[in-house]
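Heads up, the thing below is written out as structure tokens.
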Amino acid sequence: GGGGHNRSGSIGRNGTHKKDDSNSYSNGIQVIDENKEFTPYLPAYLTAQNLITTGFSYHVVAVFGSQSTGKSTLLNHLFGTQFSVMDEQARRQTTKGIWMSRAVEDAKRSDPRGMGNNILVMDVEGTDGRERGEDQDFERKSALFALATSEVLIVNIWEHQVGLYQGANMGLLKTVFEVNLGLFLKDRSTTHRSLLFFVIRDHIGHTPLQNLSNTLMQDLNRIWSSLSKPPGLEDSKINDFFDFEFVALPHKILQPERFVEETQKLRKRFREGISPEVEVMSGSNGVDQRGDGGGVFLPVYHRRIPADGFPRYASGVWTQIVTNKDLDLPSQQELLAQYRCDEIAATCTAGFNEIMSPFEERAKAGRVLEGLGGAMKEALGEAMGGFEESGGRYHKGVFERKREDLRENLEGRLRGLVVGQFSALSKRAVQEFTEEVTGILRLANASGQSASSNYDFALVVNQTRTKVVDKFIAEASESYIPGAEWSNYESELTSLQTALDEIAAKLRGEQMQRLVARLEKAIRSKLAEPVELEFRRMEDNSEEKGNLWDRVWKVWTETVGEGVEGFLTRAGNLNATEKERDIGAWKLRKKAWGVLKAKIEEEVMEGNILLKLRENFEDRFRYDEQGVPRVWKPKDPIEQTYTTAREATLKLIPLISRIRLSSGVEPPLTEFLSDPPTDFEEDVDEMGIAKDEFEVLGEAKQVDLSTRFKRMADAVFVEAKRSTVSSVAE
Ligand code: GDP
Ligand code: MG
């Protein structure tokens with residue numbers, strides 16, 4: 001365990017890196033211990049220090065240099081940290097491994113919470129190997145770690161070490177540069193710059209800073225040219241990757257006030273934060289030309305790792321260094337990005353689930369989900385927004401890929417809901433449409449309105465159709481997600497409209513049937529009296545009015561004509577097509593013919609027709625030409641009269657037995673009915689014209705009728721004869 005003492009001399013902490021207690025972080029946190037273990041408590045530390053949520057608004061600075069060159073002392077002066085400083089008496093190594101501490105906040109700053117205050121400072125174990133000579137590997141690795149994770153690396157060096165190319169610092173720098181180049185800087189296009197901030201300690205002042213920095217720069221360039229560089233970077237310059245700055249500090253022990261004064265000046269420069277207008281211009285010699293007083297942290301140095309990802313990033317870098325994996329920094333960033341983006345996506349999905357799961361549950365019922373659109377937008381917006389906010393700081397390529405994965409995943413789930421919603425909305429629209437239209441029709445039919453003109457089927461259908469379609473559009477469009485083609489309801493709307501049109505057509509068809517039936521009934525009742533009348537005067541035959549069938553045909557065609565006209569008017573109100581109207585009119589005419597045939601059949605029913613023939617016969621036999629009842633006298637020609645009357649009436653039987661106009665031909669029925677409309681299949685055969693459409697009484701029935709009539713006429717004659725006899729007898 002570590003045996004370090006802090007400045008106040010309190011007892012050091014054994015196994016500190018295992019502790020997770022923010023109160024014990026007064027010396028910062030041991031990020032990497034002497035066993036090369038990376039602490040698991042860095043997130044806890046950053047959280048305790050309020051840094052975890054700062055996103056990109058933080059800085060990392062590390063120190064590099066020989067053991068006991070006053071590094072910790074310098075850091076404590078610059079950043080107000082409390083890194084352990086070597087005990088003057090004990091003269092033993094104080095800093096084990098790598099420590100990290102947050103710089104003390106500068107309360108005088110205008111924005112005390114600003115980026116310039118969020119500085120993570122890393123104190124790295126000394127590198128002269130005096131105390132840990134057996135483990136130069138560790139020193140190299142910790143130096144490499146400091147270089148790879150920091151924006152600014154403070155290189156701490158005694159003035160008298162300057163120019164000693166073989167000095168421990170410079171030798172180590174060579175190794176570190178080499179490995180850094182091999183491991184992390186392979187791809188120049190994706191790497192960034194770091195600032196090597198040389199602090200020359202115990203500057204006596206004989207040699208001007210400019211001379212010292214020139215010497216150092218020469219050494220550095222020499223180191224660089226002697227490096228073995230990876231392919232493609234053979235010609236790279238040290239300034240391609242690093243900026244340099246040099247400052248000198250007075251001797252702390254000999255000039256304590258001046259030391260404090262100068263470190264305070266320096267301290268301010270580290271607090272400047274980012275000043276974008278200050279541009280680093282590395283001259284040909286690589287010496288920074290910002291001059292004194294400018295901010296130290298420049299945006300180009302920032303690693304673009306969000307604070308909450310820093311612990312994982314840093315440990316990844318460390319693992320890579322320790323295991324010397326031949327991976328480069330960008331892929332390390334990618335690994336981190338994948339890890340973090342997956343975590344963030346899981347969190348965002350959880351939030352999404354909270355909103356959407358209840359809908360998914362309810363969707364199983366197949367009904368319309370109220371509020372789906374709003375919930376979808378909220379859930380998707382929050383999930384994607386949250387992901388973009390937290391994940392957007394990570395490696396761009398990975399972030400974008402993961403974002404698409406997340407979107408696909410979430411939208412895939414919404415898609416199922418939306419498809420279900422559309423079909424539920426469509427189903428509901430169809431149902432409402434059907435219910436409403438049939439409801440109105442039932443009411444109208446019940447009150448007999450459908451037969452009158454103030455009822456407008458087409459209007460009812462159109463209004464209801466518009467209503468349910470508008471409702472569908474309003475609700476379906478709520479589920480629209482910009483950019484998601486599947487959330488477009490157009491095709492569902494089209495099939496809904498087709499479905500509604502089919503239902504309307506079916507309802508209209510039913511209404512048409514009803515209308516035909518109604519008008520058939522009307523024709524039947526209108527026809528009854530005139531036909532009865534014509535049969536009563538069936539023997540009438542005049543030039544002007546024609547015979548029985550001329551007149552029946554006339555009254556029938558007129559009645560049917562009126563009926564068809566009425567039908568066509570109402571069919572117009574039903575918004576029927578021309579074909580539908582043709583079919584309806586044809587059916588009506590055909591049915592009307594059936595009505596007539598039925599009426600005729602009724603008239604010629606045995607009892608009826610016999611009665612009519614008897615009346616006809618009696619009119620002739622019992623009444624004279626003036627319509628006066630005959631009183632038979634013995635000398636009257638009873639037989640003669642009887643025979644004439646009987647024959648005249650018997651002549652009516654062939655007339656009524658067959659429908660034939662006075663011109664001798666059958667009525668133009670086929671012409672009147674016209675051909676059935678083309679491609680109209682419905683019971684054409686059943687409604688087809690029978691073989692002998694115009695036969696009223698068959699041969700046998702005629703004979704039978706004549707026989708019965710004759711028998712009846714005979715009876716009348718016998719009775720007349722008897723009355724004569726009795727009158728003679730009186
Ligand atoms: P580090 O552990 O190598 O970073 O060095 P420390 O900060 O622990 O200091 C080592 C010793 O050097 C301590 O005894 C300090 O008092 C002393 N020291 C600190 N700063 C300076 C300085 O600027 N000049 C000199 N000569 N000694 C210093
Ligand atoms: Mg130290």
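We're numbering straight along the sequence, starting at 1. For ligands, and for the atoms within them, numbers begin at 1 and follow the listed sequence.
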Under 2.8 Å from the Mg ion (ligand 2), can any N, O or S atom of Ser84 be found?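 No, since none of the N, O or S atoms of Ser84 sits under 2.8 Å from the Mg ion (ligand 2).
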Check step by step if salt bridge (charged side-chain N to carboxylate O under 4.0 Å, His left out) holds for Arg258 and Glu261. CA-CA 5 Å; Arg258 283 218 48 225; Glu261 206 179 300; 5.2 Å; no
Hey, do the aromatic rings of Phe387 and Phe352 have their centres closer than 6.0 Å? no
Is the distance between the ring centroids of Phe246 and Phe198 less than 6.0 Å? yes
Output the list of atoms in ligand 1 that are nearer than 4.0 Å to some heavy atom of [X], sorted by atom number.
X: Phe259; result: 23 (O)
X: Asp202; result: 22 (C), 23 (O), 24 (N), 25 (C), 26 (N)
X: Arg201; result: 20 (N), 21 (C), 22 (C), 23 (O)

Is Arg303 positioned over the aromatic face of Tyr313, cation under 6.0 angstrom from the ring centre and no more than 45 degrees off axis?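 No, a cation-pi geometry is absent between Arg303 and Tyr313.
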Going by heavy-atom distance to atom 3 (O) of ligand 1, choose the closest among Pro256, Ser84, Ser72, Ser68. Ser68
Purely on distance, is any nitrogen or oxygen of Pro250 under 3.5 Å from one on ligand 1?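 It does not: no N or O of Pro250 is found under 3.5 Å from an N or O of ligand 1.
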What about Lys71: any of its N or O atoms under 3.5 Å from an N or O on ligand 1? yes
Considering non-hydrogen atoms only, spot the tightest contact between Phe270 and Leu78 and give its length.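 What the structure gives for the nearest pair is CE1-CD1, 4.1 Å.
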If only atom types and distance count, is the side chain of Ser225 paired as donor or acceptor with the main-chain N or O of Arg222 below 3.5 Å?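 Checked: pair present.
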